[in-house]
Amino acid sequence: MSQVDKSQDSLIQIRDVGFSFGDHKIYDHLDMTIPRGKVTAIMGPSGCGKSTLLNFIGGRLKPDTGDIRVNDVSVPSLNRRDLYALRKQMGMMFQSSALLTDLNVFENIAFPIYEHTELPDELVKNLVLSKLQMVGLRGARHLMPAELSGGMTRRVALARAIALDPMLVMYDEPFTGLDPISLGVIVKLIREVNDALQMTSVVVTHDVAEGCSIADYVYLLGQGRVIGQGTPEEMSGTKSPEVRQFMGGLPDGPVAYHYPARDYKEDLFQDWPDD
Amino acid sequence: MTSIRLLGRWVINSVLRLGRATMFLTATLVGVFWILRRFQLILQQVFAVGVLTVLIIAVSGLFVGMVLGLQGYNTLVDFGAESSLGLVVALSLTRELGPVLTALLFAGRAGSALTAEIGLMKATSQLAGMEMMAVDPIERVMAPRFLAGFIAMPLLAAMFTAIGVLGGYLIGVGMLSVDSGVYWTSMQEGVDVYDDILNGVIKSVVFGFVVTWIAVFEGYDAAPTSEGVSRATTRTVVIASLAVLGLDFILTSLMFSEI
Ligand SMILES: Nc1ncnc2c1ncn2[C@@H]1O[C@H](COP(=O)(O)OP(=O)(O)OP(=O)(O)O)[C@@H](O)[C@H]1O
Ligand SMILES: [Mg+2]
């Protein structure tokens with residue numbers, strides 16, 4: 001496996017991160033390095049903590065142990081002002097799009113620009129229109145979020161995520177629930193945006209085919225740590241049973257499909273202690 | 001044993017909530033300070049809150065004033081004191097009914113709407129989205145709404161009172177036999193600017209503060225699910241109404257007790 005060059009060309013370093021929600025352990029000694037200027041896919045089964053990981057990078061959650069460095073600053077130890085300054089350089093596309101429902105498409109994309117710059121209206125308009133042109137929705141700028149289809153919503157969310165030309169864009173499950181055409185459009189857009197604007201992209205997904213088709217580098221998460229990493233070709237050629245299970249979509253194998261629980265037989269035949 | 005444990009959990013949860021609510025209030029007040037520069041945002045919210053509530057306040061004020069006119073007249077006429085009808089109506093409205101009923105209606109109409117709106121923004125990760133765009137939702141969303149409620153509530157109470165006085169006039173002078181001049185003069189002579197009007201205004205300001213605080217906090221603290229939002233909305237109405245009635249007793253005893 002080829003390792004990413006750890007010293008120079010990485011934007012994000014995740015070191016020895018441990019985290020649990022209450023008793024439910026999510027991460028245990030997680031190490032990851034995200035290369036600068038590339039598209040990195042983070043894949044793993046549903047509920048393994050991918051969205052949580054993005055929340056670490058964005059500073060909305062703090063890991064219990066370990067460190068997360070973005071562009072050479074340690075995110076968990078930033079104060080509020082510096083954290084907000086860092087976030088201006090990050091774009092995020094949420095799993096649920098998170099568009100502001102009382103603003104139309106144009107205003108949604110203009111929102112971060114108006115909040116953070118003093119640009120004259122004319123310039124803001126040009127900026128927003130250029131982003132809308134990229135995602136092919138210039139004609140839909142007057143629609144409200146409720147009037148958009150799922151695929152259009154994603155594209156608007158993408159346009160908003162890149163409104164301030166950030167250095168890093170994070171996509172949380174950008175592919176779920178899309179028809180093949182919209183899906184192809186989003187895949188192409190993520191790639192194009194990354195290359196045209198020279199950003200770093202992190203794509204979180206459980207969709208193996210799309211993840212591999214889009215990424216320069218792939219991380220596979222399972223059981224609270226990285227169980228496989230490499231370029232898409234290396235991943236599909238791997239011998240590791242855990243990676244093969246996930247890449248091949250096999251229901252059972254080393255990666256548990258079940259949420260941690262006690263023995264099934266015990267659960268069936270014994271009284272439930274009130275938990 | 002379990003009931004004691006439940007009681008303990010309830011107490012701990014309540015104290016924790018109160019702590020969160022206080023921290024939230026502090027952050028919101030700091031946010032208000034920042035948001036003052038963007039007057040447009042506040043105006044928008046005053047408009048939204050006002051439009052929601054003006055009609056219901058006007059109609060309720062009219063009916064309450066008319067009922068006061070009827071009841072007041074029926075009682076006063078037995079003592080031959082129907083010439084004081086104007087005074088009775090005005091005092092009941094400025095001192096009590098204006099601020100209290102407006103606050104209750106405000107909690108039910110505008111307060112629940114605020115909670116639901118903010119709760120839904122949370123449930124659909126709009127607030128999280130703002131945070132990731134480096135926009136502080138407390139400053140951008142909570143502070144203008146809080147300030148708007150705080151501004152709107154005394155205005156609405158004043159409106160309620162004014163329309164109520166007119167309602168009393170309609171009944172007392174229009175239907176019953178009170179003289180129009182007497183209705184107004186008794187009011188003019190008997191209502192004191194400080195004792196009655198100012199105290200009423202203070203009440204409505206306090207109620208506006210508390211009701212909006214509760215409404216905005218409940219939305220912000222709601223569990224991010226549809227069930228969580230509906231529970232938060234109900235809680236806003238219940239807690240805000242109880243708070244208004246309880247505070248009204250405390251304020252009244254402070255203001256009008258002769259010590
Ligand atoms: N606020 C929370 N409180 C408690 N547990 C949580 C919370 N948020 C998430 N979890 C748990 O953390 C685990 C990881 O959640 P996360 O949302 O990061 O998963 P994910 O990998 O993004 O899943 P998906 O692919 O379904 O989006 C889940 O098992 C979930 O039950
Ligand atoms: Mg997720």
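So that the names make sense, note that chain A is the first sequence line, chain B the second, and so on, each numbered from 1. As a basis for the values below, the full set of heavy atoms in this structure was taken, side chains included, without hydrogen atoms, waters or symmetry mates.
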I need the contact set between [range] and chain B: heavy-atom distance under 4.5 Å, sorted by residue number.
| range | result |
| --- | --- |
| residues 99-111 of chain A | Leu99(A), Leu100(A), Thr101(A), Phe111(A) |
| residues 84-93 of chain A | Tyr84(A), Arg87(A), Lys88(A), Met90(A), Met92(A) |
| residues 112-121 of chain A | Pro112(A), Glu115(A), His116(A) |

Where Gly129(B) and Ala98(A) come nearest, the two heavy atoms and their spacing: CA-CB, 4.4 Å

Does [atom1] in [X] sit with more than 12 non-hydrogen atoms of other residues, nucleotides or ligands closer than 6.0 Å?
| X | atom1 | answer |
| --- | --- | --- |
| Arg231(B) | CZ | no |
| Gln198(A) | CD | no |
| Lys38(A) | NZ | no |
| Arg138(A) | CZ | no |

Output side-chain donor-acceptor pairs under 3.5 Å for residues 21-36 of chain B, partner residues at least two apart or in another chain, one line each.
unit_1, atom_1, unit_2, atom_2, d
Thr22(B), OG1, Leu18(B), O, 2.7
Thr26(B), OG1, Thr22(B), O, 2.7
Thr28(B), OG1, Phe24(B), O, 2.7

Measure the CG-CE distance between Asn55(A) and Met132(B) for me, rounded to the nearest 0.5 Å. 7.5 Å

